[in-house]
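A short write-up of the structure that comes next.
Order of the sequence lines sets the chain letters (A, B, ...), proteins ahead of strands, with each chain counted from 1. Heavy atoms only: backbone and side chains are in, while hydrogens, waters and symmetry mates are out.
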Number of protein chains: 2
Amino acid sequence: MAGADSTLRRFVGYDMKRAFNLIQGDVNAVLKPFGLRMVTFSALCVIRDTPGLKQSRLAQILMIERPNLVLILDDLERADLVVRERSREDRRAFELTVTALGAQVCNQAVAAVERHDARMTSGLEGAEVQALHKALRQIELNGRSVNDPSDRSTGPVSPP
Amino acid sequence: MAGADSTLRRFVGYDMKRAFNLIQGDVNAVLKPFGLRMVTFSALCVIRDTPGLKQSRLAQILMIERPNLVLILDDLERADLVVRERSREDRRAFELTVTALGAQVCNQAVAAVERHDARMTSGLEGAEVQALHKALRQIELNGRSVNDPSDRSTGPVSPP
DNA sequence: TATTGTTATACTCTATAACTATA
DNA sequence: TATAGTTATAGAGTATAACAATA
């Protein structure tokens, strides 16, 4: 038989929602022993790779609103993984860096998430996983263009 | 330069979260004129394709908790798109069917979501979109196996 | 006047326990 | 006793307005 959700299975968004819900549940379980969630893990990685980063910039990179980032950084600072230091050039802003503990936890968490990722993509060949990354990034570009009419870099929206 | 989130870009989950957030925002905007959200649209489609469906079964199919489904069906019933009727065989249960209006709105919404889907996957060839569906469904299978050790149908988890 | 970080708030989505009515 | 649907509730995640300090 066809399956009760066969109409929905035609849509990428439906397959993606189901896959993502399972990934998110599993990755949060993987990160829990480190005291991290998906979003605090993401912030920790970006700060580690970009020392001195300002909060506004981090919010842009992760596409989250500034007010929501405050709580995420409070969380990371409380766990002694990240520090906020006043910028000397612009005393409104904070420069973000990871602590020694933060760098260590980040390394271990990245390794754990890599294992999680391998589990989630098992049964797919390397080329299939690369094609998946490519497709997801193309969709991200298309979605940005839809939400921001000034971005015509890839031209997927309706022609003039 | 490498991009501040290059560590995260290695993970399927990160690319998928970003792509899905954009898809979800766009599809909800597409569905708003129909008075639908992603989840009420999904429920409407499944009910239309499976007349007489019970609420418990629908919750299983869409992988949502029964209490949350109640509000979704209240929403659809209030809009006169779906009706709940007491089952004669089991008077605890409700049988779900779409109204004539529900069938009409479902048709139009499916067409609108098909156009949304084409927009989101533009720049990808048909074979790439098919490969995307395949990869997402494999991840869903892998994720189910992780969350339910009794499901070894595809064997992606650690061997005994 | 504009920007950085913050507070407060609200709205959605999701998850769990406990209730009712039926089986 | 077990199940179907419901209620109440609590926890995330997300979005906006308004404020203080600084530019």
- Any ion pair linking Arg37(A) and Asp75(A) (charged N to carboxylate O, less than 4.0 Å)? yes
- Starting from P on dT4(C), measure out to CZ on Arg57(A) and report it in whole angstrom. 12 Å
- For residues Val30(B) and Arg119(B), determine if any side-chain heavy atom of one lies less than 4.5 Å from a side-chain heavy atom of the other. yes
- Please give the angle, rounded to 10 degrees, between the axes at the start and the end of the helix from dT1(C)-dA23(D) to dA23(C)-dT1(D), where five pairs define each axis. 10°
- Query: Rounding to a whole Å, what distance do you find between Phe94(B):CZ and dT20(C):P?
  - Reply: 16 Å
- Between Arg88(B) and Glu95(B), is the closest basic N to carboxylate O distance under 4.0 Å? no
- Item | Exercise: do Asp49(A) and Thr7(B) side chains pair donor with acceptor under 3.5 Å | yes
- Query: Does Ser56(B) have a side-chain nitrogen or oxygen under 4.0 Å from the phosphate oxygens OP1 or OP2 of dG5(D)?
  - Reply: yes
- Task: Would you please test Thr99(A) and Asp80(A) for side chain to side chain donor-acceptor pair (under 3.5 Å) and show each step?
- Result: CA-CA 7 Å; Thr99(A) 63; Asp80(A) 193 31; 4.6 Å; no
- Task: Identify, with sequence neighbours excluded, every residue that meets side-chain contact (heavy atoms from CB on, under 4.5 Å) alongside Asp5(B).
- Result: Val46(A), Ile61(A), Leu8(B), Arg9(B), Tyr14(B), Arg18(B)
- Heavy atoms under 4.0 Å is the rule here; annotate nucleotides 14-23 of chain D 5' to 3' with B where the base is hit, S where only the sugar-phosphate is, and - elsewhere. BBBB---BBS
- Query: In whole Å, what is the span from the CZ atom of Phe41(A) to the P atom of dA12(D)?
  - Reply: 20 Å
- Do any side-chain nitrogens or oxygens of Gln55(B) fall under 4.0 Å of OP1 or OP2 in dT6(D)? yes
- Message: Can you confirm whether more than 12 heavy atoms, excluding those of Arg91(B), are under 6.0 Å from its CZ atom?
- Response: no
- What is the distance from CG of Leu69(A) to P of dG5(C), rounded to the nearest Å? 8 Å
- Message: Between P on dG5(D) and CD on Gln60(B), what's the gap in Å once rounded to a whole number?
- Response: 11 Å
- Residue whose closest nucleotide on DNA chain D lies nearer the 5' end, Lys54(B) versus Asn28(A): Lys54(B)
- Examine dT6(D): is either OP1 or OP2 under 4.0 Å from a nitrogen or oxygen in the side chain of Arg84(B)? Give yes or no. yes
- Query: For atom CD of Gln108(A), is the number of surrounding heavy atoms from other residues, nucleotides or ligands below 6.0 Å larger than 12?
  - Reply: yes
- Query: Whole Å only: how far is the CZ atom of Arg37(B) from the P atom of dT12(C)?
  - Reply: 8 Å
- Nucleotide dA12(D), atom P - distance to NZ of Lys32(A) in whole Å: 8 Å
- Query: Does any non-hydrogen side-chain atom of Thr97(A) lie less than 4.5 Å from one of Glu85(A)?
  - Reply: yes
- Query: Could you state the CG-P distance from Leu36(A) to dG13(D), rounded to the nearest angstrom?
  - Reply: 12 Å
